[in-house]
A.B. asks: 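Would you mind keeping the following structure in view while I ask a few things?
The figures that follow rest on heavy atoms only: side chains count, while hydrogens, waters and symmetry mates do not. Note that the structure is predicted; figures quoted are calculated from it, not measured.
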2 protein chains.
Amino acid sequence: MEYLDQTDLTILRILQKDAKKTAKEIAEILNITPSPVYERIRRLEKQGYIKKYVAILDKDLINRSITTICQVSMRYHDEAFIEKFEEQIQSLEEVQECYHMAGQIDFVLKINVKSLEEYHDFVKYKLSKIENIGVLNSTFVLKEIKHTSEFFIG
Amino acid sequence: MEYLDQTDLTILRILQKDAKKTAKEIAEILNITPSPVYERIRRLEKQGYIKKYVAILDKDLINRSITTICQVSMRYHDEAFIEKFEEQIQSLEEVQECYHMAGQIDFVLKINVKSLEEYHDFVKYKLSKIENIGVLNSTFVLKEIKHTSEFFIG
DNA sequence: GGTGAAAAATGGGCCCC
DNA sequence: GGGGCCCATTTTTCACC
């Protein structure tokens, strides 16, 4: 694995805040010409540092205002059950995040829905249909204090 | 607030998956010319549906492999304490997400760090320095099953 | 650093509500 | 008459040498 220099890190910091910044703009910040900036960005994409570029939408405007954190524990912990659970979670479009955890809680899920009614339907018809779920504990987000896709670089 | 038609929704679905799709490519999918696609995207940006465009980085490659979910409860629930807590959390760059929750747990945080040692330092020197924290319970992510910035549209 | 290709952005004009 | 779409043009950016 090759290491990144300060120029690479600066480029990554800029792009994870604003992917629309042009190579020219970044070049001005770095006091170099646009060409090496292009090349570095292409390299960072190719090496996998930059996975993709996405638009971040306003969840209230697109009617996904309700966010819940849902803790799930399995009844049995066979490899097969775990894998099947993970597979099924992937396909649930309401689930934005899912983590397999250390400790008593097996999985933590973050779910976005339109309304409390929709969450009810989600749990009733989708989540609880997954077999082998033991404990299922939902808590509702009152306010989003911070939510970013950025990582601290450096 | 104006409503979005199916064309708008399709554009949003495409862009939150891949912001590099050109207006021309989107136009081909929609069977229209690029111009209305441009115009709609500008409008969606102006109206706030699209908040920003960002690069998604690989957290392992940039050395943020350790993710923890941290549950925090406050000792006192004065407005002033809550607001100060929220303010201080905003400025912690290790914290990627923070939600004010309903229920016994006041806040849920998602934190990315390089190593267990760094997490130790984070809790010791940053998080626990915030006054009025009562309970602080960290659990570690063993595996990221799903993590997307996309919302289900529709 | 420079060049050809491509995409973004803009403006005029058309058609259908 | 207005909104949305198409087409043509200019400007900017990209990608490659």
A.B. asks: Among the nucleotides D/dT13, C/dA8, D/dC6, which one has an atom lying closest to any side-chain atom of B/Thr33?
C.D. replies: D/dC6

A.B. asks: Can you find a donor-acceptor pair, distance only, under 3.5 Å between A/Ser35 side chain and C/dG1 base?
C.D. replies: yes

A.B. asks: Return the value, rounded to whole Å, for the distance between atom OH of B/Tyr53 and atom C1' of D/dT13.
C.D. replies: 16 Å

A.B. asks: To the nearest angstrom, how far is B/Ile41 atom CD1 from C/dA9 atom C1'?
C.D. replies: 12 Å

A.B. asks: In terms of relative ring orientation, are A/Phe107 and A/Phe85 parallel, tilted or perpendicular, with 30° and 60° separating the classes?
C.D. replies: tilted

A.B. asks: Under 3.5 Å, is there a donor-acceptor pair linking the side chains of B/Gln90 and A/Lys146?
C.D. replies: no

A.B. asks: Give a yes/no answer on whether the side chain of B/Arg40 brings an N or O atom under 4.0 Å of OP1 or OP2 in D/dG4.
C.D. replies: no

A.B. asks: Check the distance between D/dC6's C1' and B/Asn31's CG and give it to me in whole angstrom.
C.D. replies: 14 Å

A.B. asks: Could you tell me whether the side chain of B/Lys59 reaches within less than 4.5 Å of the side chain of B/Thr67, counting heavy atoms only?
C.D. replies: yes

A.B. asks: For C/dA9, take OP1 and OP2 only and decide whether either is under 4.0 Å from a side-chain N or O of B/Tyr38.
C.D. replies: no

A.B. asks: Ion pair present between B/Glu28 and B/Lys21, side-chain N to carboxylate O less than 4.0 angstrom?
C.D. replies: no

A.B. asks: Could you state the atom-to-atom distance from NZ of A/Lys21 to P of D/dC14 in whole Å?
C.D. replies: 13 Å

A.B. asks: Taking CD from B/Glu25 and P from C/dA7, how many angstroms apart are they, rounded to a whole number?
C.D. replies: 7 Å

A.B. asks: Take the protein atom CG of B/Asp8 and the nucleotide atom P of D/dG3, then report the distance between them rounded to whole Å.
C.D. replies: 15 Å

A.B. asks: Got a second to check how far B/Leu4's CG is from B/Gln47's CD, nearest 0.5 Å?
C.D. replies: 7.0 Å

A.B. asks: Find the distance B/Ile26:CD1 to C/dA7:P and express it as a whole number of Å.
C.D. replies: 12 Å

A.B. asks: Where the side chain of A/Thr22 is defined as all heavy atoms beyond and including C-beta, which of C/dA8, C/dA9, D/dT13 is the nearest nucleotide?
C.D. replies: D/dT13

A.B. asks: When the distance from CD1 of B/Ile11 to P of D/dG4 is rounded to whole Å, what number comes out?
C.D. replies: 12 Å

A.B. asks: Which comes earlier along DNA chain D counting from the 5' end, the contact point of A/Lys24 or that of A/Glu39, where each point is its nearest nucleotide?
C.D. replies: A/Lys24

